[in-house]
*Asks:* 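Sharing a structure here in structure tokens format.
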Amino acid sequence: MNRLTVTKALTANDVGETGSHQAGIAVPKQQELLEFFPALDAAVKNPDAWIFCQDPDGRVWKLRFIYYNNKLHDPDGTRNEYRLTHLTLFLKQNKAQVGDIVRFTTTEEPNRYLIALEHASEAKKQERVDPDVIRLRGWRRVH
DNA sequence: AGCCATGCACCG
DNA sequence: CGGTGCATGGCT
């Protein structure tokens, strides 16, 4: 089983710097990401799945992967996007800042991932060393 | 304060 | 006009 990694540059909203009390980070609707994360049934309104992410310190974070799709179900719906919530504590403990990178890597087991936070400076270094990353508007898929 | 669910703004 | 960042009302 090939191991996949995707990364996301954090926005101000993601780290709670904007004063918004909204939770979670947006997950762009990219085919690679939908395959990377658990499949959610679009026929269901707002389906979700729980994933378990182990950080470099061995702590496991239970994150909620949710598909807000009321646009497909309600006449006045406006949402059609994926989100990842329950990240606040993780970001706080890692002192996440705008521009920092969250990295997810698959494991052998479904719904289990590795999670790591890279600060912006390291991320730039990584970019030079990794010329064959696939750019996905904020998110990248590595390999 | 943080999560849920949704609306709005902006930009390509 | 679709997609994503920013924001908000309600609830816990």
Side-chain angles (χ1 to χ4, degrees), chain A residues 2-107 109-128 130-143:
Chain A
N2 48 344
R3 187 166 282 221
L4 293 177
T5 296
V6 294
T7 63
K8 203 235 184 214
L10 292 174
T11 67
N13 201 43
D14 292 335
V15 296
E17 233 182 51
T18 59
S20 160
H21 59 274
Q22 172 230 4
I25 67 176
V27 179
K29 255 193 353 284
Q30 302 288 332
Q31 194 58 43
E32 288 88 346
L33 295 176
L34 304 190
E35 294 166 4
F36 181 86
F37 289 114
L40 296 177
D41 188 359
V44 178
K45 182 184 170 180
N46 294 355
D48 67 336
W50 292 95
I51 63 175
F52 298 87
C53 299
Q54 187 174 34
D55 69 15
D57 295 333
R59 284 173 301 195
V60 175
W61 302 86
K62 184 182 175 188
L63 306 181
R64 186 176 183 229
F65 181 56
I66 179 166
Y67 182 23
Y68 283 114
N69 62 353
N70 68 348
K71 191 174 190 175
L72 311 178
H73 295 270
D74 298 338
D76 299 327
T78 61
R79 285 281 126 205
N80 181 21
E81 73 178 24
Y82 293 82
R83 297 256 292 268
L84 215 45
T85 60
H86 295 260
L87 267 172
T88 313
L89 240 172
F90 171 79
L91 296 178
K92 232 172 220 178
Q93 295 193 356
N94 287 278
K95 298 181 172 58
Q97 297 172 336
V98 178
D100 287 352
I101 304 294
V102 193
R103 169 179 292 249
F104 294 95
T105 303
T106 55
T107 68
E109 297 183 49
N111 292 15
R112 299 196 75 95
Y113 303 85
L114 302 179
I115 186 174
L117 187 106
E118 302 169 0
H119 289 282
S121 48
E122 313 170 19
K124 260 182 213 151
K125 228 186 291 172
Q126 182 82 28
E127 185 120 3
R128 284 200 299 271
D130 253 335
D132 64 334
V133 291
I134 303 172
R135 283 205 150 277
L136 300 168
R137 298 185 260 254
W139 287 77
R140 297 176 305 173
R141 178 182 145 190
V142 184
H143 301 147

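Numbered from 1 within each chain, the chains take letters A, B, ... in sequence-line order.
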*Asks:* Excluding sequence neighbours, so at least two apart, what forms side-chain contact (heavy atoms from CB on, under 4.5 Å) with A/Lys95?
*Replies:*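 Testing A/Lys95 for side-chain contact (heavy atoms from CB on, under 4.5 Å), a comparison that skips the adjacent residues, returns none.
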*Asks:* Who are the side-chain contact (heavy atoms from CB on, under 4.5 Å) partners of A/Glu35, not counting sequence neighbours?
*Replies:*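 Only A/Gln31 meet the side-chain contact (heavy atoms from CB on, under 4.5 Å) criterion with A/Glu35.
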*Asks:* For A/Trp61, give me all partners under side chain to side chain donor-acceptor pair (under 3.5 Å), at least two apart in sequence or on another chain.
*Replies:*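 For A/Trp61 the side chain to side chain donor-acceptor pair (under 3.5 Å) partners, ignoring immediate neighbours, are A/Asp55.
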*Asks:* Check whether A/Ser20 reaches the backbone of A/Asn13 with its side chain - one donor and one acceptor, N or O, closer than 3.5 Å.
*Replies:*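 The answer is no, because no donor-acceptor pair under 3.5 Å joins these two groups.
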*Asks:* Would you please classify the geometry between the A/Tyr82 ring and the A/Tyr67 ring as parallel, tilted or perpendicular, with 30° and 60° separating the classes?
*Replies:*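 Judged by the thresholds at 30° and 60°, the geometry between A/Tyr67 and A/Tyr82 is parallel.
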*Asks:* Taking CG from A/Asn13 and C1' from C/dC6, how many angstroms apart are they, rounded to a whole number?
*Replies:*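 The answer, rounded to whole Å, is 5 Å.
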*Asks:* Output the rounded distance in Å from CG (A/Asn80) to P (C/dT4).
*Replies:*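 For the pair A/Asn80 CG and C/dT4 P, the rounded distance is 9 Å.
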*Asks:* So what does A/Thr88 touch, heavy atoms closer than 4.0 Å: a base, only the sugar-phosphate, or nothing?
*Replies:*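 The residue A/Thr88 makes sugar-phosphate contact but no base contact.
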*Asks:* Looking only at side-chain N and O atoms, does A/Thr85 come under 4.0 Å of OP1 or OP2 in B/dG2?
*Replies:*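 No, A/Thr85 has no side-chain N/O under 4.0 Å of OP1/OP2 on B/dG2.
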*Asks:* Of all residues at least two apart in sequence or in a different chain, which pass the side-chain contact (heavy atoms from CB on, under 4.5 Å) check with A/Asp76?
*Replies:*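 Here no residue qualifies.
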*Asks:* Test of understanding: with side-chain contact (heavy atoms from CB on, under 4.5 Å), list the residues that count as partners of A/His73, not counting sequence neighbours.
*Replies:*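 Here the qualifying residues are A/Lys45, A/Asn69.
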*Asks:* Between B/dA1 atom P and A/Lys92 atom NZ, what is the distance in whole Å?
*Replies:*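 Going from A/Lys92 (NZ) to B/dA1 (P), I get 8 Å.
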*Asks:* What residues form a side chain to side chain donor-acceptor pair (under 3.5 Å) with A/Asn94, not counting sequence neighbours?
*Replies:*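 Per chain and number, A/Asn94 pairs via side chain to side chain donor-acceptor pair (under 3.5 Å) with no residue.
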*Asks:* Counting only heavy atoms and a strict 4.0 angstrom limit, can you tell me which residues of residues 64-76 of chain A come near DNA chain B?
*Replies:*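 Residues of residues 64-76 of chain A that come under 4.0 Å of DNA chain B are, in numerical order, A/Arg64, A/Ile66, A/Tyr68, A/Asn70, A/Asp76.
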*Asks:* Is the distance from OP1 or OP2 of B/dC3 to the nearest side-chain N or O of A/Lys62 less than 4.0 Å?
*Replies:*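 Checking A/Lys62 against B/dC3: no side-chain N or O falls below 4.0 Å of OP1 or OP2.
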*Asks:* Taking CD from A/Gln93 and C1' from B/dG2, how many angstroms apart are they, rounded to a whole number?
*Replies:*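 The answer, rounded to whole Å, is 15 Å.
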*Asks:* Can you name the side chain to side chain donor-acceptor pair (under 3.5 Å) partners of A/Thr78, sequence neighbours left out?
*Replies:*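 Side chain to side chain donor-acceptor pair (under 3.5 Å) check on A/Thr78 returns nothing, list empty.
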*Asks:* Could you tell me how far apart A/Leu84 (CG) and B/dC4 (C1') are, to the nearest whole angstrom?
*Replies:*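 Distance, rounded to whole Å: 15 Å.
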*Asks:* Name every residue in residues 36-56 of chain A that has at least one heavy atom under 4.0 Å from any atom of DNA chain B, in order of residue number, or write none if there are no such residues.
*Replies:*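 Result for residues 36-56 of chain A: A/Lys45, A/Asn46, sorted by number.
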*Asks:* Is there a donor and acceptor pair closer than 3.5 Å between the side chain of A/Arg83 and the base of C/dT4?
*Replies:*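 A donor-acceptor contact between them is absent.
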*Asks:* Calculate the interatomic distance between A/Leu63 atom CG and B/dG2 atom P; express it in whole Å.
*Replies:*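 Going from CG in A/Leu63 over to P in B/dG2 covers 16 Å.
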*Asks:* Using a 4.0 Å cut-off on heavy atoms, which residues in residues 14-27 of chain A reach DNA chain C? List them by number, or say none.
*Replies:*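 Correct list: A/Thr18, A/Ser20, A/His21, A/Gln22, A/Ala26.
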*Asks:* Would you say A/Asp100's side chain and A/Ala120's backbone share a donor-acceptor pair under 3.5 angstrom?
*Replies:*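 At least one qualifying donor-acceptor pair exists.
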*Asks:* Got a sec, which residues hit side chain to side chain donor-acceptor pair (under 3.5 Å) with A/Gln93, two or more places apart in sequence or on another chain?
*Replies:*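 Per chain and number, A/Gln93 pairs via side chain to side chain donor-acceptor pair (under 3.5 Å) with A/Arg59.
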*Asks:* Does A/Leu87 or A/Glu81 map to a spot on DNA chain B nearer the 5' end, using the closest nucleotide for each?
*Replies:*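 With A/Leu87 and A/Glu81 compared, the 5'-side residue is A/Leu87.
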*Asks:* Can you measure A/Gln30 atom CD to C/dT4 atom P for me and round it to whole angstrom units?
*Replies:*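 Spelled out: CD on A/Gln30 to P on C/dT4 is 6 Å.
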*Asks:* Measure the distance from NZ on A/Lys29 to C1' on B/dG12 and round it to the nearest whole Å.
*Replies:*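 A/Lys29 atom NZ is separated from B/dG12 atom C1' by 14 Å.
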*Asks:* Only counting residues at least two apart or in another chain, list the ones meeting salt bridge (Lys or Arg N to Asp or Glu O under 4.0 Å) with A/Arg64.
*Replies:*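 Testing A/Arg64 for salt bridge (Lys or Arg N to Asp or Glu O under 4.0 Å), a comparison that skips the adjacent residues, returns A/Asp48.
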